[in-house]
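Residue numbers run from 1 in the order of the sequence given. All heavy atoms count here, side chains included; hydrogens, waters and symmetry mates do not. Counting starts at 1 for both ligands and their atoms, following the listed order.
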Amino acid sequence: MSASDIERIGVVGSGLMGAGIAEVSARAGLDVVVREIDAAAAEAGQARVMRSLDRGVASGKLSEEERDSAVGRLRFTTDLGELADRQMVIEAVVEDEALKVDVFRGLDKVVTDPQAILATNTSSIPVMKLGIATARPEQVVGIHFFNPVPVLRLVELVTSLLTSPDTAETAERFAVERLGKKVIRSQDRAGFVVNALLVPYLLSSIRMMESGFATAEDIDTGMVEGCNHPMGPLRLCDLIGLDTTLAVAQSLYEEFKEPLYAPPPMLSRMVEAGLLGRKTGRGFYEYARA
Ligand SMILES: NC(=O)c1ccc[n+]([C@@H]2O[C@H](COP(=O)([O-])OP(=O)(O)OC[C@H]3O[C@@H](n4cnc5c(N)ncnc54)[C@H](O)[C@@H]3O)[C@@H](O)[C@H]2O)c1
């Protein structure tokens, strides 16, 4: 299958990332079915996509007609079986290996096209582990988007030892030619390229704050004003989600056993307390509820 043949996409999960992936796919003219775990989560995902499309209209990036036709190409469901006719499915459920393995087992059973590509948006779980949960590991690949998906162009394309060159080529062309993304390739190592570099920096900022070395505001201001970063590391943790930041750090630590990847206690305590950042209204900073 070539990238230009792909018309029917499935997305599993419609949180921060799944909603963004569904939105850019629908805006690119693809037919999109999104599977969520229950009706409330599906509604929340749909509302998230709508808010983002409305923001696109308000800022003049999108016409009302483009928004309405994107909405017309999106369907939300709680039934994995509705992904049966998809040519590509992109999984974006929470960063939990057992859950993702379960999703891939399910997709392998329901997706009928023998050439369909099963992709994961995981930040840190080996693509290989998801591939071998299926009978078609050569068609399993990592397509790692960045948050917010409609804004950030980068995609890391991650091939496992078993991903076929054809699958990698089709997935790369799909991301570039259909979604307008910029692709870099990475080996199947926890964190890939960007998070392997970014996460130690984020964790250092948490340790710096935890030790009383500097305040959250001063750490963030330091990196924004001193290094011209668009946002400081603690605000970035809040944007990513502290649960996701923790899960990625744990996977990196598990993989490399390097202290620089070890999650600081403050990050674990905040996640246990449900202070997950922007998505819950409070992390290192407070936010109006999304
Ligand atoms: N947040 C980021 O900045 C970021 C960036 C790149 C990649 N990722 C990766 O994307 C994935 C999703 O992260 P997120 O930030 O969107 O998380 P999130 O918590 O915002 O969303 C996860 C969604 O998955 C849904 N879900 C859980 N189990 C499901 C199932 N069995 N079927 C369907 N839906 C299910 C949940 O209801 C939730 O809506 C993770 O693997 C994460 O590592 C996150």
Side-chain angles (χ1 to χ4, degrees), residues 10-24 33-49 51-52 76-83 86 89-107 109-110 118-127 129-130 133 142-158 175 181 184 186 190-196 198-199 202 231 233 235-252 271 274-281 283 289-290:
V11 178
V12 188
S14 63
L16 283 179
M17 297 304 292
I21 295 165
E23 178 188 335
V24 296
V33 176
V34 185
R35 192 267 175 148
E36 255 295 350
I37 195 71
D38 58 31
E43 253 174 57
Q46 200 158 7
R48 193 186 287 280
V49 175
R51 277 197 303 275
S52 176
F76 286 75
T77 178
T78 55
D79 178 7
L80 198 68
E82 289 200 33
L83 301 183
R86 302 289 101 181
V89 179
I90 304 173
E91 168 278 314
V93 305
V94 284
E95 190 75 341
D96 175 318
E97 186 176 319
L99 176 65
K100 285 186 191 278
V101 164
D102 203 46
V103 167
F104 273 79
R105 279 203 192 109
L107 289 173
K109 286 204 190 91
V110 304
L118 305 181
T120 175
N121 184 49
T122 180
S123 304
S124 59
I125 295 165
V127 175
K129 293 197 179 173
L130 306 178
I143 304 183
H144 184 232
F145 293 84
F146 286 76
N147 177 28
V149 182
V151 178
L152 293 185
R153 276 186 74 206
L154 188 69
V155 158
E156 288 176 314
L157 190 90
V158 186
K181 296 295 184 187
I184 62 172
S186 171
F192 314 132
V193 172
V194 173
N195 278 327
L198 176 66
V199 170
L202 298 180
M231 80 177 65
R235 202 169 280 284
L236 180 55
C237 288
D238 279 356
L239 177 71
I240 294 169
L242 299 195
D243 52 342
T244 302
T245 306
L246 177 64
V248 176
Q250 283 168 333
S251 297
L252 281 159
V271 171
L275 306 176
L276 306 185
R278 250 154 88 152
K279 63 184 164 186
T280 57
R289 285 298 286 269

Test item, Ala92 contacting ligand 1 (heavy atom, 4.0 angstrom): yes
Heteroatom distance test (Asp243, ligand 1): nitrogen or oxygen, under 3.5 angstrom: no
N/O separation below 3.5 Å, Glu91 to ligand 1: no
Ile240, any N or O under 3.5 Å of ligand 1 N or O: yes
Test: Asp243 and Lys279 ion pair at under 4.0 Å: yes
Side chain to side chain contact (heavy atoms under 4.5 Å, CB included) evaluation trace for Val11 with Arg35: CA-CA 6 Å; Val11 178; Arg35 192 267 175 148; over 6 Å; no
Closest protein heavy atom (residue, atom, distance) for atom 29 (C) of ligand 1: Val93 CG1, 3.5 Å
Sub-4.0 Å atoms of ligand 1 with respect to non-hydrogen atoms of Lys100: 40 (C), 41 (O)
Leu16-ligand 1 polar pair, N/O distance under 3.5 Å: yes
Donor-acceptor pair between Ser14 and Gln46 side chains, under 3.5 angstrom: no
Per-residue contact class, His144 against ligand 1 - non-hydrogen pairs under 4.0 Å: side chain
Backbone N/O of Gly241 and side chain of Thr245: donor-acceptor pair under 3.5 Å: yes
Atom indices of ligand 1 within 4.0 angstrom of Gly15 heavy atoms, with elements: 16 (O), 20 (O), 21 (O), 23 (C), 39 (O)
Per-atom contacts, ligand 1 versus Val12 - under 4.0 Å to a heavy atom: 32 (N), 33 (C)
Identify every side-chain donor-acceptor pair in residues 147-157 under 3.5 Å, counting partners at least two apart or on other chains, and give the distances.
residue	atom	partner	partner atom	Å
Asn147	ND2	Leu239	O	3.3
Glu156	OE1	His144	ND1	2.8
Glu156	OE2	Val193	N	3.0
Glu156	OE2	Val194	N	2.7

Minimum non-hydrogen distance to atom 41 (O) of ligand 1, winning option of Glu156, Glu97, Glu95: Glu95
Heavy-atom side-chain contact between Ile240 and Leu202 under 4.5 Å: yes
Asn121 side, atom CG; Ile21 side, atom CD1 - distance, nearest 0.5 Å: 4.0 Å
Option whose closest heavy atom lies nearest to atom 5 (C) of ligand 1, chosen from Met17, Lys279, Glu36: Met17
Min side-chain heavy-atom separation Asp238-Leu276 under 4.5 Å: no
Residue and atom name of the nearest protein heavy atom (relative to atom 10 (O) of ligand 1), distance in Å to one decimal: Asn121 ND2, 2.9 Å
Close side-chain approach of Val89 and Val12, heavy atoms under 4.5 Å: yes
Nitrogen or oxygen of Thr122 less than 3.5 angstrom from that of ligand 1: no
Ligand 1 contact by Phe146, heavy-atom criterion under 4.0 angstrom: no
NZ/NE/NH1/NH2 to OD/OE distance under 4.0 Å, Lys100 and Glu91: yes
Interfacing atoms of ligand 1 (cut-off 4.0 Å, heavy-atom, Gly13): 24 (O), 33 (C), 34 (N)
Closest non-hydrogen atom pair, Ala41 against Glu36: CB-OE1, 3.2 Å
Within reach of ligand 1, part of Ile125 (heavy-atom separation under 4.0 Å): neither
Intermediate values then yes/no, side chain to side chain contact (heavy atoms under 4.5 Å, CB included), Phe145 and Lys181: CA-CA 9 Å; Phe145 293 84; Lys181 296 295 184 187; 4.1 Å; yes
Residue Val94 vicinity, atoms of ligand 1 by number, heavy atom under 4.0 Å: 19 (O), 22 (C), 24 (O)
Residue Ser123 vicinity, atoms of ligand 1 by number, heavy atom under 4.0 Å: 6 (C), 7 (C), 8 (N), 9 (C), 42 (C), 43 (O), 44 (C)
